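Note that the structure is a prediction, hence the values are computed from the model and not measured. Chain letters run A, B, ... following the sequence lines, proteins first and then strands; every chain starts at 1.
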Amino acid sequence: MDLYDRISELSKRRGIFFPSFEIYGGLGGFYDYGPIGATLKRNIENKWMKIFVLKEGMVEIESTMILPSVVFEASGHIAHFTDILTKCTACNETYRTDHVIKEAGVEIREGLKAEELDKVIRKKDVQCPKCGGELEKSSPFNLMFKVEIGPYWRSITGYGRPEAAQAQFVDFKRVYSSERERLPLGIAQVGRCLRNEIAPRKGPIRLREFTIIDYEIFFDPDDSSYSRIELLEDQKLRILTSKEQTSGTNRIKEVTVKEALKKGLIGNEIQAYFLALAVRFMKELGVPPEKQRLREQLPEEKAHYSKQTFDQEVWLERWGWTEISGSAYRTNYDVSRHMTYSGKDLRVFKAFDKPKKVRKIIQKPNRELIQEDFGEETKMIIKLLSKSDPQVVKQNFEERGVYELPGPTSLKLYPKHVDFEIIETEATGKYFIPHVIEPSFGVDRVFYSILEYAYTEKGGRVILRIPRDIAPIKALVFPLVNKDGIPELAEKVYNLIIEKDIVARYDGSGSIGKRYARADEIGVPICITIDYDSLKDNTVTLRDLDTWSQIRMKITDLPEKLHRYIKGKKEFNDLGTPYNKNST
RNA sequence: GCGGCCGUGGUCUAACCUGGUUUAGGACAAAGGCCUUCCAAGCCUUUAAUCCGGGUUCAAAUCCCGGCGGCCGCACCA
């Protein structure tokens with residue numbers, strides 16, 4: 001049995017996680033969390049919130065899981081989250097249609113529809129790469145779950161969100177103003193997401209319904225500095241650059257945050273800071289830094305709008321390097337898309353210290369040439385163009401030679417269609433579309449990674465060394481024997497600590513050794529035993545999960561000292577005086 | 001979707017190849033009791049399983065077919 005099998009076995013047995021609707025046979029990509037797992041997962045989410053949001057002075061929101069289709073048209077998910085698939089009529093092999101075509105050496109542009117791709121297949125006589133058989137008619141497969149909102153005779157189409165992120169962009173203006181217009185502004189959201197994966201595998205690593213934490217940090221593209229960078233600038237990062245991957249050497253560069261920025265490995269202070277924070281977060285959850293790496297995505301795997309994307313990967317025994325979080329510099333893509341689709345101005349205004357003369361680009365559509373190429377669509381094109389930022393249009397022409405108009409039509413304009421003029425004007429400030437750095441975490445993957453690094457075996461027993469601040473149950477209370485008034489005192493102790501909000505349970509069954517063993521399996525940091533001495537002097541024995549060492553302390557000190565211990569403000573041996581009754 | 005392997009109490013498994021001695025066995029866990037002065041001790045009792053459907057056969061956990069589900073590989077993972 002490998003580590004994954006042993007963790008699965010433990011998880012089923014002790015209520016950590018297990019397949020959903022198991023009594024009906026289960027279904028790939030769906031997992032439930034049991035009593036221990038559900039609390040552990042929430043503790044992870046809360047810790048993330050504390051570190052990334054509370055301590056950074058940022059905010060969180062909570063949005064809906066179902067959104068109308070227009071949001072996903074704007075976000076690009078309708079277009080890009082769809083795979084167009086085809087099947088070989090002879091050998092039944094399934095392919096992505098665009099992949100087979102490209103494999104056959106035929107150049108095609110992105111975003112073709114199913115019928116268009118099929119046309120190419122017929123024209124170029126593309127066949128099944130495996131057996132040479134004929135390919136079936138293509139059909140689109142969208143990885144989003146489609147839902148009909150409202151009764152069927154007047155329903156509108158919506159989708160289950162495949163990420164938590166869109167609401168941050170859609171709600172940006174509201175949150176920005178309620179947070180009194182400050183930048184950088186981070187807006188986080190932890191929430192359930194849905195992706196209709198074709199073939200989910202790998203247990204809790206690839207799910208159809210899962211929890212994601214999306215964090216959108218909005219900032220002024222002219223100022224990506226982050227004041228708290230000093231706190232982490234000496235932290236070491238293990239970076240695998242895209243260059244090292246393409247060259248095949250795959251050497252990991254170990255540099256400090258400061259060096260990474262200086263050498264340009266990470267292009268942006270905000271991104272560097274939160275990458276460093278992500279590494280520290282996982283370290284605090286028990287994944288050592290040398291078992292983590294930051295892999296820069298290759299240009300071809302990166303989304304086209306992303307300037308730079310890193311995957312935070314953790315080494316897992318069965319699956320090797322596994323992505324648990326990503327950090328993408330998404331530029332102003334999302335906000336600008338929602339501007340054009342909603343027609344609302346989502347730019348922010350920033351006043352200059354004093355008014356200054358600025359040169360401003362304005363665009364002038366070349367009506368005649370547009371008319372010539374697009375005929376009656378001219379009016380619509382000019383309207384759509386007026387909603388586009390001239391700077392962005394010009395930049396597209398310069399970099400790609402073409403500008404794709406927003407909206408479902410995906411019409412393309414070329415430099416000849418638009419003239420630009422630079423005018424001088426006086427400005428009291430500037431309007432701009434904020435740029436966004438997006439760290440996002442797969443909570444279920446973080447959860448599983450923690451279990452892998454917490455799982456240990458000692459003398460045939462399982463010990464789950466979960467860091468104590470996220471342990472689902474903080475303390476177990478045991479009566480040494482079930483007689484002579486000891487259970488009564490033990491129950492008093494139990495009540496005392498749960499009254500003080502310490503998550504605890506009482507266990508009086510079986511032998512004391514058996515109870516310790518049960519505690520170890522679900523990572524309970526502290527076991528409290530009440531014995532005959534407790535009746536005399538009101539002291540109890542505490543046992544530490546990691547070392548099994550024991551100390552003795554006063555019952556009245558329990559609540560406060562336990563709180564401090566759980567928060568990591570005190571070490572186990574400082575809780576009381578050493579105790580050695582258990583040596584055998 | 002394809003190919004390979006697989007599916008027995010809560011967990012891990014035996015019996016499957018070679019159908020019948022099985023009332024489906026064991027270990028661990030769990031529940032109740034006895035015992036018990038700090039690491040899965042012992043004793044007694046109890047609960048508890050052949051994924052679903054069809055076929056072959058006097059007889060199916062076992063052989064065959066189909067379905068469902070899982071793991072691994074391929075593909076996919078915006």
Side-chain angles (χ1 to χ4, degrees), chain A residues 1-2 4-6 8-15 18-30 34 72 75-83 85-88 90-96 99-100 103 110 128-131 136 141-144 162-163 195-203 205-208 301-306 318-319 322-323 326 328 442 458-463 478-484 486 509-521 527-535 540-543 545 548-550 552 579-584:
Chain A
M1 273 222 266
D2 71 1
Y4 171 70
D5 282 332
R6 282 179 287 161
S8 300
E9 185 265 325
L10 175 72
S11 292
K12 277 190 254 179
R13 218 156 35 76
R14 302 310 308 265
F18 40 78
S20 301
F21 23 86
E22 236 181 332
I23 61 164
Y24 290 104
L27 190 56
F30 293 97
F72 295 115
S75 71
H77 282 97
I78 301 269
H80 293 109
F81 219 65
T82 305
D83 287 339
L85 303 178
T86 183
K87 215 168 86 179
C88 171
C91 71
N92 270 334
E93 186 73 51
T94 310
Y95 301 97
R96 265 179 63 167
H99 282 194
V100 222
E103 217 176 294
E110 298 292 319
C128 171
K130 218 165 109 190
C131 74
E136 215 167 65
F141 178 80
N142 195 287
L143 267 62
M144 288 192 292
E163 57 172 34
R195 294 181 193 182
N196 199 3
E197 298 283 356
I198 299 170
R201 292 278 168 77
K202 303 187 178 181
I205 298 299
R206 204 150 148 239
L207 299 170
R208 288 190 166 117
E301 51 180 334
K302 235 170 35 179
H304 65 272
Y305 48 78
S306 167
R318 190 157 180 170
W319 299 297
T322 303
E323 180 192 355
K458 182 172 171 182
R461 278 167 54 171
V462 174
I463 307 172
F478 307 149
L480 184 61
V481 288
N482 284 307
K483 58 182 183 185
D484 302 331
I486 288 179
S509 86
S511 69
I512 187 93
K514 205 169 244 190
R515 297 176 219 156
Y516 279 137
R518 278 195 289 249
D520 289 341
E521 285 196 334
C527 292
I528 303 167
T529 301
I530 286 80
D531 61 12
Y532 285 97
D533 289 338
S534 309
L535 298 174
V540 291
T541 307
L542 267 61
R543 189 209 62 153
L545 170 73
W548 288 5
S549 62
Q550 295 179 305
R552 196 83 187 173
Y579 185 74
N580 274 323
K581 203 72 171 265
N582 67 327
S583 45
T584 42

S.K.: Provide, to the nearest angstrom, the distance between the CZ atom belonging to Arg206(A) and the P atom belonging to G70(B).
M.R.: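 Value for this atom pair: 13 Å.
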S.K.: If the P atom of C16(B) is compared with that of U22(B), how far apart are they to the nearest Å?
M.R.: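 Their P atoms lie roughly 13 Å apart.
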S.K.: Is Lys12(A) close enough to G10(B) that one of its side-chain N or O atoms is under 4.0 Å from OP1 or OP2 there?
M.R.: no
S.K.: So what does Asn482(A) touch, heavy atoms closer than 4.0 Å: a base, only the sugar-phosphate, or nothing?
M.R.: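 Base contact.
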S.K.: Expressed in angstrom and rounded to an integer, what is the separation of Arg201(A) atom CZ from C6(B) atom C1'?
M.R.: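 Taking CZ of Arg201(A) and C1' of C6(B), I get 13 Å after rounding.
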S.K.: On a whole-Å scale, what distance lies between the C1' atoms belonging to A41(B) and C51(B)?
M.R.: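 It works out to 38 Å between them.
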S.K.: Assess Arg515(A) against Phe478(A): is NZ or CZ under 6.0 Å from the centre of the six-membered ring, and within 45 degrees of the ring's axis?
M.R.: yes
S.K.: Using only atom types and a distance under 3.5 Å, with no angle test, would you say the side chain of Arg208(A) pairs donor to acceptor with the backbone of Glu197(A)?
M.R.: yes
S.K.: Check whether the side chains of Ser534(A) and Asp531(A) place a donor and an acceptor atom closer than 3.5 Å, and report yes or no.
M.R.: yes
S.K.: Which atoms form the tightest heavy-atom contact between Ile78(A) and Asn142(A), and what is the distance?
M.R.: O-ND2, 3.8 Å
S.K.: What about Gln550(A): does its side chain form a donor-acceptor pair under 3.5 Å with the base of C38(B)?
M.R.: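 It does, because a donor-acceptor pair links the side chain of Gln550(A) to the base of C38(B) below 3.5 Å.
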S.K.: Quick one: is C72(B) close enough that its OP1 or OP2 comes under 4.0 Å of any side-chain N or O from Trp319(A)?
M.R.: yes
S.K.: With sugar-phosphate meaning primed atoms plus P, OP1 and OP2, does Gly76(A) contact a base, only sugar-phosphate, or nothing at under 4.0 Å between heavy atoms?
M.R.: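 Since no nucleic acid heavy atom lies under 4.0 Å of Gly76(A), the category is nothing.
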S.K.: Determine the interatomic distance between P on G67(B) and the same-named atom on G4(B); round to the nearest Å.
M.R.: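 To the nearest whole Å, 14 Å.
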S.K.: Base, sugar-phosphate, or nothing: which does Glu521(A) touch, judged by heavy atoms less than 4.0 Å apart?
M.R.: base
S.K.: Determine whether a donor-acceptor pair (N or O, by modelled atom type, separation under 3.5 Å) exists between the side chain of Arg201(A) and the backbone of Arg206(A).
M.R.: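 Checked: no pair found.
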S.K.: For Arg518(A), which contact category applies under a 4.0 Å heavy-atom criterion: base, sugar-phosphate, or nothing?
M.R.: sugar-phosphate
S.K.: Can you tell me if the side-chain N/O atoms of Arg318(A) get under 4.0 Å from OP1 or OP2 in C72(B)?
M.R.: yes
S.K.: With a 4.0 Å limit, can you tell me whether Ser511(A) has a side-chain N or O closer than that to the phosphate oxygens OP1/OP2 of A41(B)?
M.R.: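 So the side chain of Ser511(A) is within the cut-off, an N or O lying under 4.0 Å from OP1 or OP2 of A41(B).
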